[in-house]
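Everything on this sheet refers to the single structure shown next.
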Amino acid sequence: MNEPTKDEKIWQVVAAIPVGKVASYGQVAHMAGLGRQARYIGKALGKLPSGHSIPWYRVIRSDGKIAFPVGSEAFEVQAQSLRAEGVLVVDGQVLIRQFGWRP
DNA sequence: TAACTGACGGAGC
DNA sequence: AGCTCCGCCAGTT
C-alpha cells in the first residue's frame, strides 16, 4: 500500500483530535511531521474529499481564534460545530483548552 | 519563469 | 494589545 501523503497525514492528525478540544494549525503541522508548514494545513483541509469524516472545525489558529473572518459562512459552520461539541466560541475566540494543553 | 497568494506562526516595534 | 515583517512551501496566475 502506498504511504499516506502529506494531506492524508494531516487529515489523520486532525481526526485524532478528541471531541470537545481543538488544535492549532502549527500544532497539527508539527504532529504531522511537517514542522513549520502551518500554512499547508489549511490547504490540505481545503482539499478534503467529499464524504470525509475529518473534524476540520477543530483546527484553529495559534492565537485561539477561528481562521475565517467573523460573519463568513465557513466561520458560522465552524463555530456552530464546535458549540455542538460543548466548545464555547465568542467573537471568533475559542474559549477552551487546546488538545495537548495540560494544566 | 517570476511573482503572488494563502483556513499560519513567531518575533519585533 | 495591535500592527508589521519575515519565513515556509506548494499551487496559481
Side-chain angles (χ1 to χ4, degrees):
Chain A
M1 297 302 277
N2 51 353
E3 298 172 23
T5 64
K6 280 192 279 191
D7 292 348
E8 292 174 322
K9 184 71 178 176
I10 291 167
W11 302 337
Q12 187 177 319
V13 171
V14 174
I17 303 173
V19 175
K21 296 202 176 180
V22 296
S24 69
Y25 290 91
Q27 198 168 6
V28 172
H30 185 75
M31 292 170 74
L34 298 176
R36 298 177 182 138
Q37 289 188 258
R39 306 188 114 176
Y40 197 85
I41 306 303
K43 286 178 147 189
L45 295 181
K47 291 169 159 181
L48 279 170
S50 58
H52 63 72
S53 58
I54 309 300
W56 59 270
Y57 49 82
R58 289 184 198 147
V59 184
I60 60 177
R61 300 198 319 206
S62 64
D63 60 359
K65 288 184 178 175
I66 290 177
F68 296 105
V70 177
S72 67
E73 189 172 341
F75 172 89
E76 295 295 336
V77 172
Q78 183 165 13
Q80 190 165 351
S81 297
L82 289 171
R83 284 177 182 154
E85 295 187 343
V87 179
L88 298 179
V89 180
V90 177
D91 192 36
Q93 177 71 42
V94 176
L95 302 176
I96 68 161
R97 330 288 195 186
Q98 288 181 284
F99 173 55
W101 193 89
R102 39 181 192 65

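All heavy atoms count here, side chains included; hydrogens, waters and symmetry mates do not. For clarity, every value in this text was computed on a predicted model and none was experimentally measured. Per chain, numbering begins at 1; letters A, B, ... match sequence-line order.
Here C:dG11 is the nucleotide among B:dG9, B:dA7, C:dG11 with the atom lying nearest to any side-chain atom of A:K43. Among the nucleotides B:dC8, C:dC9, B:dA7, the one closest to the side chain of A:Q37 is C:dC9. Side-chain proximity of A:F68 to B:dG9, C:dC9, B:dA7: nearest is B:dA7.
Between A:S24 and B:dC8, a side-chain N or O to OP1/OP2 separation shorter than 4.0 Å is absent.
If you take atom P in C:dT4 and the same atom in B:dT5, they sit 16 Å apart, rounded to whole Å. Of the P atoms belonging to B:dA7 and C:dG2, the separation is 22 Å, rounded to the nearest Å. Nucleotides B:dT1 and C:dC8 have their P atoms positioned 23 Å apart, rounded to a whole Å.
Atom NE2 of A:H52 and atom P of B:dA7 are 16 Å apart (whole Å). Rounded to an integer number of Å, the gap from A:Q27 CD to B:dG10 C1' is 15 Å. One atom, NZ of A:K6, and another, C1' of C:dG11, lie 12 Å apart when rounded to the nearest Å. Note: CZ (A:R36) to C1' (B:dA11) measures 12 Å, nearest angstrom. Distance NE2 (A:H30) to C1' (B:dC8): 16 Å, rounded to an integer number of Å. What separates CZ of A:R61 from C1' of B:dG9 is a distance of 10 Å, to the nearest Å. In this entry the distance linking CD1 of A:I41 with C1' of C:dC8 reads 12 Å, nearest Å. As a whole-Å value, the separation of A:D7 CG from C:dG11 C1' is 12 Å.
Residue-level contact check: A:Y40 touches the backbone only, with heavy atoms under 4.0 Å from sugar-phosphate atoms and none from bases. Using a 4.0 Å heavy-atom criterion, one finds that A:K65 contacts no nucleic acid atom at all. Counting any heavy atom pair closer than 4.0 Å across all strands shown, A:R39 reaches a base atom.
Counting non-hydrogen atoms of other residues, nucleotides and ligands closer than 6.0 Å to CD of A:E76 gives a total above 12.
Salt bridge annotation for A:D63-A:K65: absent, with no cationic side-chain nitrogen under 4.0 angstrom from a carboxylate oxygen.
The side chain to side chain contact (heavy atoms under 4.5 Å, CB included) with A:R58 is formed by just one residue from the set A:V28, A:V19, A:V94; it is A:V19. Checking A:F68, A:Y57, A:W56 one by one against A:V77, the side chain to side chain contact (heavy atoms under 4.5 Å, CB included) holds for a single residue, A:W56.
Using a 4.5 Å heavy-atom cutoff, the side chains of A:F99 and A:V13 are not in contact.
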